[in-house]
Amino acid sequence: TQLLEQSPQFLSIQEGENLTVYCNSSSVFSSLQWYRQEPGEGPVLLVTVVTGGEVKKLKRLTFQFGDARKDSSLHITAAQPGDTGLYLCAGLTQGGSEKLVFGKGTKLTVNP
Amino acid sequence: NAGVTQTPKFQVLKTGQSMTLQCAQDMNHEYMSWYRQDPGMGLRLIHYSVGAGITDQGEVPNGYNVSRSTTEDFPLRLLSAAPSQTSVYFCASSSRRDSYYNEQFFGPGTRLTVL
């Protein structure tokens with residue numbers, strides 16, 4: 001069962017545009033992570049958010065964790081071709097057997 | 001410090017063949033896991049280990065075996081390959097399974113095709 005829904009699945013924009021990627025669930029997570037994956041490589045961690053309502057910034061990337069810890073968003077300002085890649089959100093489930101559950105990903109292409 | 005290494009990078013098998021995907025990490029991480037990545041499906045957990053001698057099943061364990069005899073190595077065995085196992089396989093490790101800030105370090109992946 002896929003607990004995390006990411007949208008959009010594909011996004012193609014021009015350099016300089018802004019964009020937002022969403023990660024939604026009906027489940028509460030202990031924490032939520034965002035990874036970026038480039039072709040032929042493994043995912044690399046961008047950020048972890050833990051507290052409901054938390055906002056973290058990484059240069060032009062802004063990450064937000066929903067107040068109820070069920071959803072998150074990634075906003076990129078003035079996208080650049082180097083931002084191209086697959087963006088994955090991953091939630092750490094609660095309970096006695098914590099697991100990291102991944103969304104299906106958003107494939108972003110930034111055209112020069 | 002090589003991080004997480006995986007071999008082979010590419011593999012083609014015939015239906016029914018068996019093979020082992022190798023994974024090693026040199027960061028002394030306790031937690032290791034195997035994922036498969038299929039188009040439109042994201043990353044799905046196959047098996048994981050919280051330490052040497054301890055393994056458990058993930059979301060899609062059927063057709064795969066694992067063992068963890070050392071902290072460093074976590075091989076994934078395909079017992080009798082099937083076309084449905086065509087995928088890209090990623091091994092990952094992390095220092096603490098129960099930390100909220102637990103970062104997973106991924107290997108470069110093994111692209112497997114089963115004919």
Side-chain angles (χ1 to χ4, degrees), chain A residues 1-10 21 23-25 27-52 54 56 58 63 65 69 72 85-107, chain B residues 2-10 21 23-25 27 29-50 54-61 87-112:
Chain A
T1 304
Q2 189 73 310
L3 298 178
L4 279 169
E5 296 291 335
Q6 277 190 247
S7 61
Q9 188 175 357
F10 298 97
V21 176
C23 179
N24 296 302
S25 175
S27 303
V28 176
F29 293 99
S30 301
S31 64
L32 198 135
Q33 298 179 327
W34 285 91
Y35 290 80
R36 182 168 70 198
Q37 183 180 18
E38 300 191 14
E41 299 181 7
V44 176
L45 181 68
L46 295 174
V47 77
T48 301
V49 285
V50 176
T51 306
E54 183 176 4
K56 282 192 173 180
L58 186 65
F63 305 85
F65 202 12
R69 306 207 321 274
S72 181
L86 179 68
Y87 289 81
L88 296 157
C89 65
L92 184 66
T93 62
Q94 294 187 317
S97 180
E98 292 88 355
K99 292 184 177 66
L100 198 61
V101 177
F102 282 83
K104 295 182 180 181
T106 294
K107 189 170 184 180
Chain B
V4 179
T5 58
Q6 290 184 239
T7 57
K9 183 77 171 174
F10 301 94
L21 306 185
C23 174
Q25 54 92 8
M27 297 174 281
H29 284 169
E30 298 174 4
Y31 184 59
M32 296 186 73
S33 53
W34 276 101
Y35 294 87
R36 59 178 289 173
Q37 186 173 37
D38 303 295
M41 295 297 293
L43 286 163
R44 292 183 292 171
L45 182 64
I46 304 172
H47 285 285
Y48 65 96
S49 168
V50 299
I54 306 170
T55 63
D56 205 348
Q57 295 181 350
E59 181 185 356
V60 287
S87 187
V88 182
Y89 291 84
F90 288 98
C91 178
S93 74
S94 59
S95 58
R96 285 181 57 192
R97 175 171 175 261
D98 58 352
S99 168
Y100 294 162
Y101 292 95
N102 205 9
E103 176 179 0
Q104 298 253 350
F105 293 84
F106 285 85
T110 294
R111 186 176 293 274
L112 175 68

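Order of the sequence lines fixes the chain letters, A, B, ..., with proteins taken first and strands second; residue numbering starts at 1 for each chain. Predicted model only: the values in this text are computed from it and were never measured.
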Over all heavy atoms of both residues, which pair between A:K104 and B:M41 is shortest? Give the atoms and the distance, please.
-> CG-C, 4.0 Å
Nearest heavy atoms of B:F90 and A:G42, plus distance in Å | CE2-CA, 3.4 Å
OH on B:Y35 to CG on A:L100, rounded to 0.5 Å | 4.5 Å
Cut-off 4.5 Å, heavy atoms of chain B, and the answer for A:Q6 is neither
Measure distances from A:Q9 to the heavy atoms of chain B and classify the residue's part below 4.5 Å as side chain, backbone, both or neither.
-> side chain
Ignoring hydrogens and geometry, is there a side-chain-to-backbone donor-acceptor pair from A:Y35 to B:Q104 under 3.5 Å?
-> yes
What part of B:F105 is in contact with chain A, defined as an atom under 4.5 angstrom from a non-hydrogen atom: side chain, backbone, both or neither?
-> neither
Would you indicate whether the side-chain heavy atoms of B:Q37 and A:L86 approach each other to under 4.5 Å?
-> yes
